[in-house]
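Written out below as structure tokens is the structure these notes cover.
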Amino acid sequence: MKRAADLLIDTLVLHGVDRVFCVPGESYLSVLDGLAGHPGIAVVTCRHESGAGFMALADARLTSRPGVAFVSRGPGAMNASIAVHTAQQDAVPFVLFIGQVERAHRHMNAFQEVDYERVFGAMAKWVVEVNDPARLPDIVATAFHAAQSGTPGPVIVALPEDMLEEAAASAAAQPLPLPVAGASGSALGSVARQIAAARRPLLIAGGLLKNPPGQAALRDVAEAFGIPVATAVRHADLLSNTHPGFAGHLAYGAPAELSSAIAQADLVLAVGTRLGDVTTQGYSFPAAPLPAQPLIHVWPDASQLGRVRRVDTGLVVDPVAFLQGLREHAPASIPDAHEQWSRHLHGVASGLRERDGALDAEDGVVFAAAVQAVDRILGDTAIITIDSGNFGGWVQRLMRFGGGRMMLAASSGAMGYGVPAAVSASLRHPDRDVVCFVGDGGFLMTGNELATAMHTGARPILVVADNGSYGTIRMHQEKHFPERVSATGLTNPDFARIASAHGALGIAVNHSGELDDALRAALATDRPSVIAVRTSLEYISAAATIGQLRRRSSVAA
Ligand SMILES: Cc1ncc(C[n+]2csc(CCOP(=O)(O)OP(=O)(O)O)c2C)c(N)n1
Ligand SMILES: [Mg+2]
């Protein structure tokens, strides 16, 4: 007979789990006790449960396995909820283990008791509370299965404290085979014929292709069919941005040149994306509920196909296997029309990266300069994490991704993802350079995980856009309520000194001319670093300055 907590850990090992992220709690002491004796599972102790959750999500992206986090009951679970929401929006497999009050005290408003089924029911794919220790291994295997099958997403497993300490006669559970959804040869042949018959076909690629086989298959299909590839939001790295088939990144408020160019498509093949409102620029392309062009939609879950908009051909199939299969149906030669169309779109997408505007303004560095410096200096294998905020608009516009350079960001727009994701990426790939772009707002949400980086030996480079403002919201204020600034100004600490206080390298950058040296120093050190860039608020976004926004508003009034 084994203690339930140990059966749980043995089951995790059988599922390939080699790292878990946590904030400890007295509600799952026996799991912590079991992990202490398990060299096969690294335990990363975080400073906030949102950090632990975000690190697990980044790890899932990097390993193509579910991310795993352990948090305490009640308050710990509530702090982790942002990661549950992000996993749901991003279709990232995530298994969150939460302590629970002892079984005899359930439904008595016990200390830190939460009804997880009701709290997480609308976000998670499955919420389960395990009351019988003998069933724990099988339920954990089912949780991993649920997190990965169909539309990947979050699963919550609540663990009553006393249950974990009980012994049970069960054995650890093996992983359950995942169902394989496939497309028939005739369906693949029909897709190939539709691409050949279209004049301006477009492939929109999404997050389920974010793994080496997925990216290889995407490139193969783009080349074999001459079909240009635009990527869903936060996935600009699926195809090298310098590849002639790269047709742009459908990010928040994509520039009009890009959105109007791709809207000329006469066939859309969406693969591994749910075509959410950001990627589709507010459900305009492909439009919902009725797209203007035929839509072929490939996603491993029938419940998501045809749910928001009409889908002419819905294929319930693993997106990577789909592309690998489609490759076999490639035409003997690529029609001239496809080549012209592809060249046109690639020209538009590449043109957006050209910028010769100011690098410095009176109130600080134009953040474009910081992004261009990272783009210039970092190599092809760098991992770039992006928090949410207007500074990210420059990253999406000016950085080259793909070809090995990875983009990790939350499409839910959750602030606070960037720093934990960078710590997690640096732990998973100690040999690769990791840079996080984060605002002064986001940095003070989860920048405390710099302490986790120091504790674990991770060495991310954190580039902070210090514009003294929740700039994104200030931008919206200037559009809707010009010159009426409310609740968006920030008084910041000295971020470089915060870094030094942690024992990390802290560098303050006041002028764009200092950026290259700062980055080289950060790359040379074996410690984490913070490059605090005094950032212009006037240059509030990649699209307009505050002055321009105010002038536009006064013209419109
Ligand atoms: C957790 C969370 N809280 C609030 C928001 C709303 N929000 C979006 S961007 C933003 C401001 C971001 O400020 P900062 O990190 O300084 O970046 P900036 O926009 O100034 O470049 C806020 C408050 C959010 N997306 N996520
Ligand atoms: Mg800011």
Side-chain angles (χ1 to χ4, degrees), residues 48-55 57 78-90 123 233-234 251-253 276-278 361 363-371 374 384-399 409-422 435-450 462-481 485-495 498 508-509 530-546 549:
H48 191 280
E49 288 82 357
S50 62
F54 285 143
M55 285 188 209
L57 300 195
M78 295 305 96
N79 273 351
S81 61
I82 192 168
V84 177
H85 178 247
T86 303
Q88 188 276 328
Q89 292 240 308
D90 273 1
M123 284 189 283
V233 62
R234 304 305 205 185
Y252 299 89
D277 65 320
V278 179
D363 63 341
V365 176
V366 179
F367 202 65
V371 173
V374 173
I384 311 293
T385 77
I386 317 174
D387 208 80
S388 293
N390 261 14
F391 64 88
W394 296 110
V395 185
Q396 291 173 167
R397 179 76 75 88
L398 300 173
M399 279 280 297
S411 59
S412 67
M415 289 169 74
Y417 177 87
V419 174
V435 172
C436 165
F437 288 106
V438 57
D440 45 351
F443 187 79
L444 282 193
M445 286 193 178
T446 55
N448 52 357
E449 302 300 351
L450 179 57
L462 312 175
V463 180
V464 183
D466 180 359
N467 61 3
S469 173
Y470 284 127
T472 313
I473 312 306
R474 169 74 185 272
M475 175 189 72
H476 290 297
Q477 281 175 341
E478 294 289 353
K479 285 182 182 171
H480 297 280
F481 306 98
V485 181
S486 176
T488 49
L490 298 173
T491 299
N492 285 326
D494 180 330
F495 292 112
I498 285 196
V509 165
V530 173
I531 300 178
V533 183
R534 186 177 68 93
T535 297
S536 168
L537 183 58
E538 174 58 22
Y539 280 78
I540 193 163
S541 83
T545 61
I546 290 184
L549 292 173

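What you see is a predicted model; the values in this text were computed from it and never measured. Counting convention: from 1, in listed order, for ligands and their atoms alike.
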Legend entry - Numbered atoms of ligand 1 (with element) below 4.0 Å of Gly439, judged on heavy atoms: 14 (P), 15 (O), 16 (O), 17 (O)

Legend entry - Proximal atoms of ligand 1 relative to Asn390 (non-hydrogen, under 4.0 Å): 18 (P), 19 (O), 21 (O)

Distance-only N or O hit between ligand 1 and [X], under 3.5 Å:
X      : value
Tyr470 : no
Ile473 : no
Gly389 : no
Gly471 : yes
Ala414 : no
Ala465 : no
Gly413 : yes

Measure from the side-chain N and O atoms of [X] to the backbone N and O of [Y], and report whether any donor-acceptor pair falls under 3.5 Å.
X      : Y      : answer
Ser412 : Thr86  : no
Asp466 : Arg534 : no
Asp387 : Gly418 : yes
Thr535 : Asn467 : no
Asn492 : Asp440 : no

Inset, instruction - Tell me which one of Met445, Met475, Met415, Arg474 gets a heavy atom nearest to atom 10 (C) of ligand 1. - result: Met415

Inset, instruction - Could you tell me if the ring centre of Phe391 sits under 6.0 Å from that of Phe437? - result: no

Please write down residue, atom name and distance for the protein heavy atom closest to [atom].
atom                    : result
atom 15 (O) of ligand 1 : Gly442 N, 3.0 Å
atom 14 (P) of ligand 1 : Gly441 N, 3.6 Å
atom 19 (O) of ligand 1 : Thr472 OG1, 2.6 Å
atom 16 (O) of ligand 1 : Asp440 OD1, 2.5 Å
atom 21 (O) of ligand 1 : Phe391 N, 3.1 Å

Inset, instruction - Could you establish whether Ser469 and ligand 1 come within less than 4.0 Å of each other, counting only heavy atoms on the residue side? - result: yes

Inset, instruction - To the nearest 10 degrees, calculate the angle at the Mg ion (ligand 2) involving O of Ser469 and OD1 of Asn467. - result: 90°

Inset, instruction - For ligand 1, indicate whether the residue Asn467 contacts it via side chain, backbone, both or neither (heavy-atom separation under 4.0 Å). - result: side chain

To check you understand the geometry: which heavy-atom pair defines the closest contact between [X] and [Y], and what is its length?
X      : Y      : answer
Ala251 : Val233 : CA-CG2, 3.8 Å
Val463 : Phe367 : CG1-CZ, 4.0 Å
Tyr470 : Gly441 : CE2-CA, 3.7 Å

Inset, instruction - Check whether the side chains of Ser536 and Asp363 place a donor and an acceptor atom closer than 3.5 Å, and report yes or no. - result: yes

Legend entry - No-hydrogen, no-angle side-chain donor-acceptor test under 3.5 Å, Ser486 and Gln477: no

Legend entry - Residues which pass salt bridge (Lys or Arg N to Asp or Glu O under 4.0 Å) with Arg234, listed by chain and number, not counting sequence neighbours: none

Legend entry - Under 2.8 Å: N/O/S of Asp440 next to the Mg ion (ligand 2): yes

